[in-house]
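Here's the structure we're looking at; comments come further down.
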Amino acid sequence: MKLITWNVNSVKSRLARTKELLLRHRPDVLALQELKVSDEVFPSSEFQELGYRTAVHGQSGRNGVALLSRRSMTDVAEGFAGDPVPDQARVVAATVDGIRVVNLYVVNGRAVGTSDYELKLRWLDALGAWIRAEHDPRDPLLIVGDFNVAPDDRDVHDPVLWRGSNLCSEAERERIGSLLDWGLVDLLRLQSAGPGPFTWWDYRAGAFHRGWGLRIDLALGTPAVAERCTEVLVDRDERKPTSGEGKPSDHAPLVVNLR
DNA sequence: ATGTCACTTTACAAGTGA
């Protein structure tokens, strides 16, 4: 099974590039974040024409997540029990080929010390509690998406500059660490010791061109999934302004191959 | 830190969030 996770930063602005991505990689599953559209406006028929079923948890203007799949999806679920902000569309899950796929868009947090950051920590705590309560590390589980956390210094172009900042702070990293302690494996790190690769570059200050990136888009799998993992890579070309129709997202897609 | 982008409101710009 081939799965791609990508924060598109508006599915409307990225529709042509998303279709190109599907035709280029032909993934079995595409997990999208930051749709910025309601369910009614989500372009399901455009993806159905390419052979994909859709499970959409949309929201007008902000957030929004979707799963596209060439194979049937069962037990589709939106949100999670205990979400401190259940009105925000940040989680959609489905079972594909016996694997429970959970697609996340984690609260950004804006800056350490703000109320947004405190919400981010509460949200990650609630997510972790839900995962531990409703899932079993012995089952095939794959949690993907925009985690808005760089798990350690290998995931940051300049760890000294970023030390303690939002996306890199210890409190956020502890929350990711507790998911790994529970039994999830960071699939990219099976393939690449780092530093890098990165998945996100700020739009400002020519960050992509200068290599100022972070790895905040992750694929975490239980051992049953990790042992099937043959390849994980970042489609860095997708982040280039020149490599598709219209402008790029600020995130690059993360591609995961399972045996 | 910031050479940006996409959204919304009531709109022909400014504020917000990332």
Side-chain angles (χ1 to χ4, degrees), chain A residues 5-21 31-43 46 56-66 83-91 103-124 127 144-150 153 155-169 172 175-176 198-218 236-254:
Chain A
T5 177
W6 190 28
N7 179 323
V8 284
N9 183 23
S10 167
V11 74
K12 215 183 286 182
S13 295
R14 229 63 64 203
L15 182 58
R17 279 182 179 247
T18 305
K19 291 165 74 173
E20 287 166 8
L21 183 84
L32 297 174
Q33 304 90 34
E34 271 206 275
L35 306 175
K36 299 188 176 183
V37 293
S38 61
D39 291 11
E40 308 79 66
V41 177
F42 184 82
E46 302 261 2
V56 184
H57 186 25
Q59 183 180 339
S60 180
R62 331 172 36 184
N63 308 319
V65 286
D83 187 343
V85 281
D87 54 318
Q88 299 187 8
R90 295 184 176 277
V91 178
N103 177 21
L104 302 180
Y105 175 49
V106 174
V107 173
N108 175 279
R110 197 160 58 92
V112 172
T114 63
S115 59
D116 292 4
Y117 177 80
E118 293 305 317
L119 172 64
K120 179 184 200 174
L121 298 184
R122 291 210 321 275
W123 196 91
L124 285 168
L127 178 80
V144 302
D146 177 1
F147 282 69
N148 269 317
V149 181
D153 280 352
D155 303 311
V156 185
H157 70 95
D158 186 341
V160 174
L161 176 69
W162 280 85
R163 184 150 299 150
S165 302
N166 187 48
L167 310 179
C168 298
S169 70
E172 297 165 67
R175 269 75 179 175
I176 303 303
F198 306 130
T199 65
W200 171 82
W201 298 260
D202 199 302
Y203 278 127
R204 295 167 293 182
F208 179 69
H209 182 68
R210 294 165 126 140
W212 294 353
L214 268 61
R215 184 175 71 103
I216 57 176
D217 300 272
L218 309 177
R236 195 177 169 281
D237 283 349
E238 176 53 51
R239 181 62 178 78
K240 295 177 180 170
T242 50
S243 66
E245 196 177 319
K247 293 174 177 175
S249 169
D250 47 351
H251 294 251
L254 180 71

Please test A:Arg163 against A:Asp153 for side chain to side chain contact (heavy atoms under 4.5 Å, CB included), starting from the C-alpha separation and ending with a verdict. CA-CA 9 Å; A:Arg163 184 150 299 150; A:Asp153 280 352; 3.1 Å; yes

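- You'll find that the side chain of A:Arg90 is closest to B:dA18, out of B:dA1, B:dA6, B:dA18.
- A pairwise comparison of heavy atoms in A:Gly246 and A:Arg17 identifies O-NH2, 3.0 Å as the closest pair.
- Look at A:Ser10 and you'll find a side-chain N or O under 4.0 angstrom from OP1 or OP2 of B:dC7.
- Minimum interatomic distance between A:Asn103 and A:Ala66 (heavy atoms only, all atoms of both residues): ND2-O, 2.9 Å.
- Among the atoms of the strands shown, base atoms are found under 4.0 Å from some heavy atom of A:Asp202.
- B:dC7 atom C1' lies 12 Å from atom OH of A:Tyr203, rounded to whole Å.
- Within the 4.0 angstrom heavy-atom criterion, no nucleotide atom of any strand lies near A:Trp201.
- When distances run from any side-chain atom of A:Ser60 to the nucleotides B:dA18, B:dA6, B:dT8, the shortest one goes to B:dT8.
- Closest to the side chain of A:Arg62, out of B:dG17, B:dA1, B:dC5, is B:dG17.
- Distance check on atom C1': B:dA11 versus B:dC7 gives 14 Å, rounded to whole Å.
- When rounded to the nearest whole Å, the span between CG of A:Asn166 and P of B:dA1 equals 12 Å.
- Mapping A:Arg210 and A:Val37 onto DNA chain B by nearest heavy atom places A:Arg210 closer to the 5' end of the strand.
- As a whole-Å value, the separation of A:Asn63 CG from B:dT8 P is 12 Å.
- To the nearest angstrom, P of B:dA18 lies 22 Å from CH2 of A:Trp212.
- B:dT2 and B:dA6 have their P atoms separated by 22 Å, with the value rounded to a whole Å.
- Using cut-offs of 30° and 60° for the angle between ring planes, the A:His157 and A:Trp162 rings count as perpendicular.
- A:Leu32 has its CG atom 17 Å from the C1' atom of B:dA6, to the nearest Å.
- Per the geometry, NZ belonging to A:Lys36 stands 15 Å off P belonging to B:dT16, to the nearest Å.
- Remark: P of B:dG17 and CG of A:Asn9 are 15 Å apart, rounded to the nearest angstrom.
- With rounding to whole Å, A:Asp250 atom CG is found 17 Å from B:dG3 atom P.
- A heavy-atom distance below 4.5 Å is found between the side chains of A:Gln33 and A:Thr5.
- With no hydrogens or angles considered, a side-chain donor-acceptor pair links A:Glu172 and A:Ser169 at under 3.5 Å.
- For A:Arg204, the listed nucleotide lying nearest its side chain is B:dT2; candidates were B:dC5, B:dT2, B:dC7.
- Of the listed nucleotides (B:dC7, B:dA18, B:dA1), B:dA1 has the atom at the smallest distance from the side chain of A:Ala205.
- Among the nucleotides B:dA18, B:dC7, B:dC5, the one closest to any side-chain atom of A:Lys247 is B:dC5.
- Residue A:Arg14 places at least one side-chain N or O closer than 4.0 Å to OP1 or OP2 of B:dA6.
- Residue contacts shown for A:Tyr105 are limited to sugar-phosphate atoms, with no base heavy atom under 4.0 Å away.
- Separating the C1' atom of B:dG15 from that of B:dT10 is a span of 14 Å, rounded to the nearest Å.
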